[in-house]
Amino acid sequence: SPWQHVDDTQTRVDGKNQHCHIICNPVYKAYHTYPTKERVTVLDVLRNGRERSFRLNQQAIDYLETTQLSQANRAILQSQCSEQDQDEPTFLSRLDEWLPGLNTQHRKVIIDAAAIAAYHAQTSIPVLQALVCDDAPQFKWLTEDLMLCWVHEGRLYKKLIPAVAFHRKLLNDFLRRFWRFYRRLLAYRRSPTPAKAQRLETQFDALFATRTVYDALDKRISLTQAKKNNLLLVLKHPELPLHNNPAELGARQRVRKRDVSFGPRTSDGVRAWDTFMTLAATTKKLDVSFYHYIDDRIRQKYHIPPLHDLVTQAAQDLHLGCSWP
């Protein structure tokens, strides 16, 4: 699949805060627990835990154009451009040589840019084209496109607490229009056409050009309008879902387990939590009994095919990337 759902939630490991990352699509769900939820950690998840590599090429330099890194520092990095991959210790050592006075924030964005450039350049695993996610900063840059969650966007309007009755009416009226438009997008996914896509884009522009006398609502509408390309990516790729509920529900399952068991205490415990939650969630998506699957493997009967075969076949049947070349 050229797209995946992604989300994360906090997990306590031996009394310390870590983060469980959930990645999934309609045929599987996987859990990965790491110490942080930084961009390079999300990249570790997309690369399935492979050893990190870095490439300071032109693509990485282009990413840095959107940051506050000074022109002088970008010029130094430009002079070191290369299409060669470097392992993590080598790259970090060379970065310290090139820019010894770099502050923590700027150092981090350079590391992110080089790691993402290496991910896009490698050919050992498929490079994702889009993530379905919320608007968290760690998900940006990683893929060519982001499909933002409409349900998450709608929740932001629920955070408005108007004190004036007229403002409450304005908010409720706008939310009715918001969810009416959302239902039109759902209908479009079932039978997409270029004419419908053009009409929905026009309706989006009209809806989020709305201005009222309630300033907080107007600011919220303007922020949504600025996300147009990410919210309307479904018009270009109709197989994309409009929400990130599968990953968020996966995060909720981890929260429930965390509430009961608090958290693992060792690295073996972390692997056990991630492995068995992945197996349970994936067998459910494949309509395979988790109990029967575990029984089949413990007894070494192997009547149930390997899950990766079932996942591959289900993905082919669903044509998860039919709008991508």
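Everything numeric in this text was worked out from a predicted model, so none of it was measured.
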Task: Donor-acceptor under 3.5 Å (Tyr31 side chain, Cys20 main chain) - done: no

- [ ] Apply side-chain contact (heavy atoms from CB on, under 4.5 Å) to the pair Arg47 and Arg50, showing each step before the final yes or no.
- [x] CA-CA 6 Å; Arg47 297 171 62 253; Arg50 287 169 170 81; 3.7 Å; yes

Open item on the list: Grouping I, L, V, M, F, W and Y whenever their side-chain heavy atoms are under 4.5 Å apart, do Leu148 and Leu207 come out in a common cluster?
Closed with: yes

TODO: Take Val311 and Thr282, measure what side-chain contact (heavy atoms from CB on, under 4.5 Å) needs, and give me the verdict at the end.
DONE: CA-CA 8 Å; Val311 165; Thr282 300; 4.0 Å; yes

Open item on the list: Under the criterion salt bridge (Lys or Arg N to Asp or Glu O under 4.0 Å), I'd like the reasoning laid out for Arg55 against Asp85: C-alpha separation, chi angles, the key distance, then a yes or no.
Closed with: CA-CA 5 Å; Arg55 180 179 294 205; Asp85 284 348; 2.7 Å; yes

- [ ] Kindly check if the number of other-residue, nucleotide or ligand heavy atoms within 6.0 Å of NZ (Lys169) is above 12?
- [x] no

Task: CA sep, side-chain torsions, deciding dist, call: Trp141, Tyr119, ring pair (Phe, Tyr, Trp, His ring centres under 6.0 Å) - done: CA-CA 11 Å; Trp141 288 13; Tyr119 166 64; over 10 Å; no

Open item on the list: Looking at Asn103, I want to see if its CG is surrounded by more than 12 non-hydrogen atoms of other residues, nucleotides or ligands under 6.0 Å.
Closed with: yes

TODO: Just do the side-chain contact (heavy atoms from CB on, under 4.5 Å) check on Gln316 and Thr312 with the steps written out, would you?
DONE: CA-CA 6 Å; Gln316 291 173 351; Thr312 300; 3.7 Å; yes

Task: From Lys16, Lys257, Arg254, residue fulfilling side chain to side chain donor-acceptor pair (under 3.5 Å) relative to Thr11 - done: Arg254

Task: Validation row: Thr33, Trp273 side chains within 4.5 angstrom (heavy atoms) - done: no

Open item on the list: Going by the rule salt bridge (charged side-chain N to carboxylate O under 4.0 Å, His left out), which residues pair with Glu38 if we only count those two or more places apart in sequence or in a different chain?
Closed with: none

Task: Electrostatic pair Lys228:Glu201 at N-O distance under 4.0 angstrom - done: yes

- [ ] Mind running salt bridge (Lys or Arg N to Asp or Glu O under 4.0 Å) on Arg299 and Asp295 for me, showing each step along the way?
- [x] CA-CA 6 Å; Arg299 295 174 182 269; Asp295 180 73; 2.6 Å; yes

TODO: Please find out if less than 6.0 Å separates the ring center of Phe204 from that of Phe208.
DONE: yes

TODO: Keeping the roles fixed (side chain from Asp296, backbone from His303), state whether a donor-acceptor pair exists under 3.5 Å.
DONE: yes

TODO: Taking atom types as modelled, find out whether Arg271 and Thr266 have a side-chain donor-acceptor pair closer than 3.5 angstrom.
DONE: no

- [ ] For residues Gln10 and Gln18, determine if any side-chain heavy atom of one lies less than 4.5 Å from a side-chain heavy atom of the other.
- [x] no

Open item on the list: Can you give me the closest heavy-atom contact between Pro35 and His19, atom names plus distance?
Closed with: O-CD2, 3.7 Å

Open item on the list: Under 3.5 Å, is there a donor on one side chain and an acceptor on the other for Gln4 and Tyr28?
Closed with: yes

- [ ] Give a yes or no answer on whether the side chain of Lys196 reaches the backbone of Ser191 with a donor-acceptor pair at less than 3.5 Å.
- [x] yes

Task: Evaluation steps, salt bridge (Lys or Arg N to Asp or Glu O under 4.0 Å), between Asp112 and Arg39 - done: CA-CA 7 Å; Asp112 289 351; Arg39 190 177 284 121; 3.0 Å; yes

- [ ] For residues Val127 and Gln122, determine if any side-chain heavy atom of one lies less than 4.5 Å from a side-chain heavy atom of the other.
- [x] yes

Open item on the list: Measuring only between side-chain heavy atoms, which start at C-beta, is Cys133 closer than 4.5 Å to Leu146?
Closed with: yes

Task: Where Thr41 and Tyr34 come nearest, the two heavy atoms and their spacing - done: CG2-CB, 3.4 Å

Open item on the list: As a quick check of understanding, evaluate side-chain contact (heavy atoms from CB on, under 4.5 Å) for Phe54 and Arg52, giving each step before the final call.
Closed with: CA-CA 7 Å; Phe54 299 84; Arg52 289 178 181 177; 4.0 Å; yes

Task: No-hydrogen, no-angle side-chain donor-acceptor test under 3.5 Å, Gln58 and Asp62 - done: yes

Open item on the list: Can a donor-acceptor pair be found, under 3.5 Å and without considering hydrogens, that links the side chain of Thr67 to the backbone of Tyr63?
Closed with: no

- [ ] Would you indicate whether the side-chain heavy atoms of Val213 and Leu170 approach each other to under 4.5 Å?
- [x] yes

TODO: Would you name the heavy atoms of Val109 and Leu64 that are closest together and state the gap between them?
DONE: O-CD2, 3.7 Å

Task: Residues, nucleotides or ligands: over 12 heavy atoms within 6.0 Å of Lys284 NZ - done: no

Open item on the list: Do Ile111 and Leu95 make a side-chain contact, defined as non-hydrogen atoms from C-beta onward lying under 4.5 Å apart?
Closed with: yes

Open item on the list: Contact between His21 and Thr9 at the side-chain level, heavy atoms closer than 4.5 Å - yes or no?
Closed with: no

Open item on the list: Quick check on Arg252: does its CZ atom have over 12 non-hydrogen neighbours (other residues, nucleotides or ligands) under 6.0 Å away?
Closed with: no

TODO: Identify, with sequence neighbours excluded, every residue that meets salt bridge (charged side-chain N to carboxylate O under 4.0 Å, His left out) alongside Arg180.
DONE: none

TODO: Considering non-hydrogen atoms only, spot the tightest contact between Ile125 and Leu46 and give its length.
DONE: CD1-O, 4.0 Å

Task: Phe276, CZ: over 12 other non-hydrogen atoms inside 6.0 angstrom - done: no

Open item on the list: Less than 4.0 angstrom from a charged side-chain N to a carboxylate O is my criterion; do Arg155 and Glu248 meet it?
Closed with: yes

TODO: Classify the side-chain pair His319/Glu239 by whether it contains a donor and acceptor separated by less than 3.5 Å.
DONE: no

Open item on the list: Any non-hydrogen side-chain atom of Val45 less than 4.5 Å from a side-chain atom of Val6?
Closed with: no

- [ ] Give the intermediate values and the outcome of ring pair (Phe, Tyr, Trp, His ring centres under 6.0 Å) for residues His237 and Trp324.
- [x] CA-CA 8 Å; His237 301 291; Trp324 272 274; 3.7 Å; yes

Task: Salt bridge Asp14-Arg265, side-chain N to carboxylate O under 4.0 Å - done: yes

Open item on the list: Can you see whether Asn57 engages Gln84 through a side-chain donor-acceptor pair at a distance of less than 3.5 angstrom?
Closed with: no

Task: Hphob cluster co-occupancy, Met277 + Phe290, side-chain heavy atoms under 4.5 angstrom - done: no

TODO: Return yes when atom NZ of Lys285 has more than 12 non-hydrogen atoms of other residues, nucleotides or ligands closer than 6.0 Å, and no otherwise.
DONE: yes

Open item on the list: Minimum heavy-atom separation for Leu128 and Thr143, please, with both atom names.
Closed with: O-CG2, 3.6 Å

Task: Interatomic distance, Phe174 atom CZ to Leu160 atom CG [nearest 0.5 angstrom] - done: 10.5 Å

Task: Minimum heavy-atom distance Leu279-Ile294, with the two atoms named - done: CD1-CD1, 4.4 Å

TODO: Any chance you could lay out the salt bridge (Lys or Arg N to Asp or Glu O under 4.0 Å) test for Lys158 and Glu153, step after step, and finish with the verdict?
DONE: CA-CA 9 Å; Lys158 290 291 188 180; Glu153 190 67 23; over 6 Å; no

Task: Donor-acceptor under 3.5 Å (Thr90 side chain, Asp87 main chain) - done: no

- [ ] Tell me, please, which residues at least two apart from Arg74 pass salt bridge (charged side-chain N to carboxylate O under 4.0 Å, His left out).
- [x] Glu65

Open item on the list: Does either side chain, that of Ser93 or that of Asp96, offer a donor lying less than 3.5 Å from an acceptor on the other one?
Closed with: no

Task: Sub-6.0 Å ring centroid separation between Trp150 and Phe181 - done: yes

